[in-house]
There are 2 protein chains.
Amino acid sequence: MSVPPLCEAFVLHFGEMGSRWGINRTVGQIYAVLFIAERPLCADDIVDRLNISRSNVSMGLKELQSWNLLRQRSVPGDRREFFHTPDDIYAIVRTLVDERKKREIDPTLSVLRELLMRSPESESERHAQGRMREMHDLIELLTGWYAEVQKLETERLIQLLSLGSRIVKVLDMKDRLFALPGGKRNAQPEKGT
Amino acid sequence: MSVPPLCEAFVLHFGEMGSRWGINRTVGQIYAVLFIAERPLCADDIVDRLNISRSNVSMGLKELQSWNLLRQRSVPGDRREFFHTPDDIYAIVRTLVDERKKREIDPTLSVLRELLMRSPESESERHAQGRMREMHDLIELLTGWYAEVQKLETERLIQLLSLGSRIVKVLDMKDRLFALPGGKRNAQPEKGT
DNA sequence: CTGAATTTTCAGACATTTCTGAAAATACAA
DNA sequence: TTGTATTTTCAGAAATGTCTGAAAATTCAG
């Protein structure tokens with residue numbers, strides 16, 4: 001591998017983690033190289049940096065593209081394609097989570113929906129269906145929340161994230177505001193509880 | 001496979017999804033069987049239901065235990081161990097997310113921390129380190145938020161999740177309360193914080 | 001202790017995934 | 001069009017992962 005030591009450590013780590021992330025070593029390394037590159041890279045740049053075959057790079061790039069993780073740029077007068085990752089790391093994470101949800105959660109949700117439509121034909125099927133419903137409802141709650149949060153601008157998201165569990169205090173405050181004696185929606189803070 | 005049709009469909013799906021979830025087919029199926037079972041099962045019960053070898057079940061159970069996904073119960077006068085999944089599906093998801101974080105995120109965070117301590121020895125290393133810092137800071141923000149939320153009781157968590165993006169309205173309200181004319185921190189509900 | 005019931009380990013068979021080089025396809029300048 | 005640069009495809013080699021049966025280990029009643 002022909003990259004500076006610091007970069008090499010990063011790239012190797014991404015390669016090793018690849019398998020845990022459901023992509024393979026090479027794909028992880030290609031992504032890492034692109035992520036830290038100072039400029040968009042063409043396929044041969046990646047071959048040089050990682051010492052892997054050209055065809056492997058081609059397949060790896062295809063894979064990353066199927067995850068919507070790459071942008072490409074073509075230089076006038078140059079026939080090659082240059083690849084880079086988005087600058088905005090928040091956007092990257094949004095994409096990543098979206099894609100994982102699409103591959104790892106949505107199919108299950110749709111199978112569960114289908115199975116919940118069927119009529120159980122025994123006590124054990126009835127029980128199983130109960131468990132499936134619990135799973136279904138929780139996944140819906142989580143993905144519904146995610147869909148909502150996904151709509152927020154980065155600014156708002158950071159605000160929310162920074163709040164952490166202190167969000168509970170805000171929720172409490174809201175509850176108190178809305179739960180005053182003498183009717184709802186009376187914004188006098190002090191009285192209630 | 002000797003389970004009712006509805007259960008079979010569920011189990012087969014979990015098997016197929018297994019590879020996307022970073023576990024193998026058999027382990028996915030074993031989990032599925034335990035998840036929908038009406039009572040704790042012993043290893044041989046699983047062999048019967050899935051038609052796989054006893055040793056495979058043994059390894060699969062070990063794997064699931066390493067994920068903290070199983071509870072076991074021993075019946076007096078019976079030498080066998082019986083396995084089951086927790087009843088509380090929220091607890092299951094908490095465990096799942098914890099374990100995935102531990103395996104998929106924490107190692108990266110620690111590598112990033114280490115790499116950010118090093119001194120860059122070239123312009124390209126400096127740039128790479130900048131990207132690593134962005135990644136590091138975002139992961140810290142996300143995992144920090146997660147750690148906070150993990151502390152909430154299920155009740156609170158559901159409240160928060162149900163709110164979805166309407167949380168923003170609550171945040172706005174909070175901002176307005178704290179940003180009234182006449183100095184900061186004046187419109188708080190209770191005086192002493 | 002012995003011996004039966006049960007679980008675990010592990011070498012090798014089998015299956016799947018990843019990687020390569022060579023060939024085919026594509027894109028485009030001249 | 002031809003020729004060259006570049007990308008993609010794909011068959012098979014290499015590597016990795018999964019599964020099984022047999023043997024070893026463990027557990028516990030008697």
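Because the structure is a prediction, the values reported are computed rather than measured. By convention in this document, chain letters (A, B, ...) are assigned in the order of the sequence lines, proteins followed by strands, and residues within each chain are numbered from 1.
- The distance from atom CZ of B:R80 to atom C1' of D:dC28 is 15 Å, rounded to the nearest whole Å.
- With a 6.0 Å cutoff to the six-membered ring centre and a 45° limit on the axis angle, B:R100 does not count as a cation-pi contact of B:W67.
- You'll find that the side chain of A:N56 is closest to C:dC19, out of C:dC19, D:dT8, C:dT9.
- If you check every strand for non-hydrogen atoms under 4.0 Å, A:S19 touches nothing.
- Put simply, the side chain of B:R54 and the base of C:dT7 share no donor and acceptor less than 3.5 Å apart.
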### Message
Run B:F83 and B:R71 through side chain to side chain contact (heavy atoms under 4.5 Å, CB included) and show every step you take.
### Response
CA-CA 6 Å; B:F83 299 88; B:R71 302 281 171 275; over 6 Å; no
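- Of the two residues contacting DNA chain D, namely B:I52 and A:F83, the nearest-nucleotide position lying further toward the 5' end is that of A:F83.
- With A:R25 contributing its side chain and A:G18 its backbone, the two residues share no donor-acceptor pair below 3.5 Å.
- Going from atom CD of A:E63 over to atom C1' of D:dT8 covers 16 Å, rounded to whole Å.
- Distances shown here put a side-chain N or O of A:T26 below 4.0 Å from the OP1 or OP2 atom of C:dC19.
- Side-chain atoms of A:S53 and base atoms of C:dG21 include no donor and acceptor less than 3.5 Å apart.
- Taking atom CG on A:D44 and atom P on D:dT4, their separation rounds to 18 Å, with Å as the unit.
- Of the possible donor and acceptor atoms, one in the side chain of A:E125 sits under 3.5 Å from a partner among the backbone N and O of A:E121.
- Here C:dC19 presents its P atom at 11 Å from CD1 of A:I23, a figure rounded to the nearest Å.
- Between D:dC19 and B:R25, a contact under 4.0 Å exists linking OP1 or OP2 to a side-chain N or O.
- Checked against the 6.0 Å centroid criterion, the rings of A:W21 and A:F14 qualify as a close aromatic pair.
- For the pair A:Q29 CD and C:dC19 P, the interatomic distance rounds to 9 Å; values are reported in whole Å.
- Taking 3.5 Å as the limit, the base of C:dT6 and the side chain of B:R79 contain no donor-acceptor pair of atoms between them.
- An OP1 or OP2 oxygen of D:dA15 is reached within less than 4.0 angstrom by no side-chain nitrogen or oxygen of A:N24.
- Applying the 4.0 Å criterion to OP1 and OP2 of C:dT8, one finds that B:S55 has every side-chain N and O outside that range.
- At whole-Å resolution of the value, CE in A:M59 and P in D:dT6 are 20 Å apart.
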